[in-house]
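Structure first, then comments.
Every chain is numbered from 1, with letters handed out A, B, ... down the list of sequences.
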Number of protein chains: 2
Amino acid sequence: MNSQSDEIKKDTDFINESLINVYDSIMRIEESEIRKSRFKDITAKEVHLVHTIGLHDRKTTSEVAHILKLSKGTLTANLNNLERKGYVMRIANQEDHRIINLGLTSKGRLLYRAHDAFHTLLVKRFLRGFNDDDIRLIKQAMVNLEDFIDEVSAK
Amino acid sequence: MNSQSDEIKKDTDFINESLINVYDSIMRIEESEIRKSRFKDITAKEVHLVHTIGLHDRKTTSEVAHILKLSKGTLTANLNNLERKGYVMRIANQEDHRIINLGLTSKGRLLYRAHDAFHTLLVKRFLRGFNDDDIRLIKQAMVNLEDFIDEVSAK
DNA sequence: GAAATTTAGTTTGATATTCAAACTAAATTA
DNA sequence: TAATTTAGTTTGAATATCAAACTAAATTTC
C-alpha cells in the first residue's frame, strides 16, 4: 500500500469516527445552549419533538409518533410534559373527534426558531470555506447516506 | 435572490435536515442489523459502549465514563449487564487495587468487528463515487464540524 | 339502522436508564 | 499512623420507554 492510499484510508477512518462522535456532541451542545437561553426547562429530546411538531404542523398524534418512531403511549407522555410547560397544544379535530392535531404555541415557535438558528449556524460552520460546487458534493454525500439508510431499512 | 443562490439554500437546508435525521436512523439500523446476527441480546447503546472499550483497551472505568460522558454509577450498571452477557471483562489492576481496567472478551471482539464492518460499509456508501480530492473535502467538512463543537463546548 | 369492527389516543404496569450522593476499600499525604 | 484523596459500587429517586388494556368515536357489515 502506498502513502497516497494510506492517506485516503486515514481520511475515511477519520470520517467514520467523526460520524459516530459528532451526533452525541451536537445533542449535548444543543441542550446546554438551549438551557442558557430563556428555555431552561427543556431537554434535547423535547427540542427534537418541538422541532418535529413545528416542521409537521397540525399532524395527528399517531402521525407524529410514526415520524419519531415512538409508541403512541410514549408520545402521549411527552406531549403531557410539553403541554404543561406551554410549548405544544393539542387541537381537537372538528371532523373526527377521535383525532388530536398537534401544533406549537407561540412559546413553542420561539423555541423552534431558536433551535433552528442554532442549526443554521452549525451548518454554516460545517460548510465554511466551501464554494457552491463543494456544497453540492457534500449534499450528494448526505444523499448517499440517506439512500444507504433507506436501503437497509427496507430490506 | 436569484435561482442560483436559491439552489444553494435548498442544498444547505437539505444538509441541515439530513444531519438531524441521519443519526437516529443509523442507531436504529445498527441495532436491527446487530440483532439479525448472532448478537441478539445487544442494544445500540451497548454496541456503542463495546466500541468505546474496544477502541480504548484496558482503560479504567473512570476514564471510560469520562469519554462517554456517563456518570460512574451509570457505567457500573452498564458494565454489569455487558459482563453478564459475556462481552466485557473487568481486569483487576495489579499495581493499584482500587482500579479496574476494562477490556473485551473474545465474544466482545467479535461484536466489535461486526459493528466496525457495518460502519466501514456505511462510510463506503457515504463516499461512493467520490475521488480522493472529494474525500479530502468531505473530511474537511467533518473537521469544521468538530471544530465548531469544540469551540461551543469550550466557551 | 343496530351490532360488530376498526381506529385514535390515553392509561396502566412493568422494565430500563440515568444521576447524584452515600458508601467501601485502597492508596497517598501529612 | 491518622487524615485525606481516589476508584469504583451501591442506593434511591426520577424519567423514559414499551406493549397491552382500555375508552370513545367512526366506519363497516349485515
Strictly below 4.0 Å, N to O, side chains only: are Asp13(A) and Lys10(A) in salt-bridge contact? no
NA contact type, Asn81(A), heavy-atom cut-off 4.0 Å: base, sugar-phosphate, or nothing? sugar-phosphate
Which nucleotide in the set dT10(D), dT10(C), dA26(D) lies at the smallest distance from any side-chain heavy atom of Thr76(A)? dT10(C)
Go nucleotide by nucleotide along DNA chain D from the 5' end; which of Thr74(A) and Arg98(A) gets its closest nucleotide reached first? Thr74(A)
Residues touching DNA chain C, which here means a heavy atom under 4.0 Å, drawn from residues 31-63 of chain A: Thr60(A), Thr61(A), Ser62(A)
dA27(C) glycosidic torsion: syn (within 90° of 0) vs anti: anti
Applying a 3.5 Å limit to both distances, which nucleotide forms a Watson-Crick or G-U wobble pair with dA16(C)? none
Apply side chain to side chain contact (heavy atoms under 4.5 Å, CB included) to residues Thr61(B) and Leu79(B) and explain how you reach the verdict. CA-CA 9 Å; Thr61(B) 301; Leu79(B) 290 175; 4.0 Å; yes
Distance check: side-chain N/O of Asn93(B) vs OP1/OP2 of dG8(D), anything under 4.0 Å? no
Could you tell me the Watson-Crick or G-U partner of dA20(D), where both distances fall under 3.5 Å? Say none if there is no partner. dT11(C)
Is Asp24(B) close to Tyr23(A) at the side-chain level, that is, under 4.5 Å between some pair of heavy atoms? yes
Counting side-chain heavy atoms from CB outward, which of dG9(C), dA26(C), dA25(D) is closest to Lys72(A)? dG9(C)
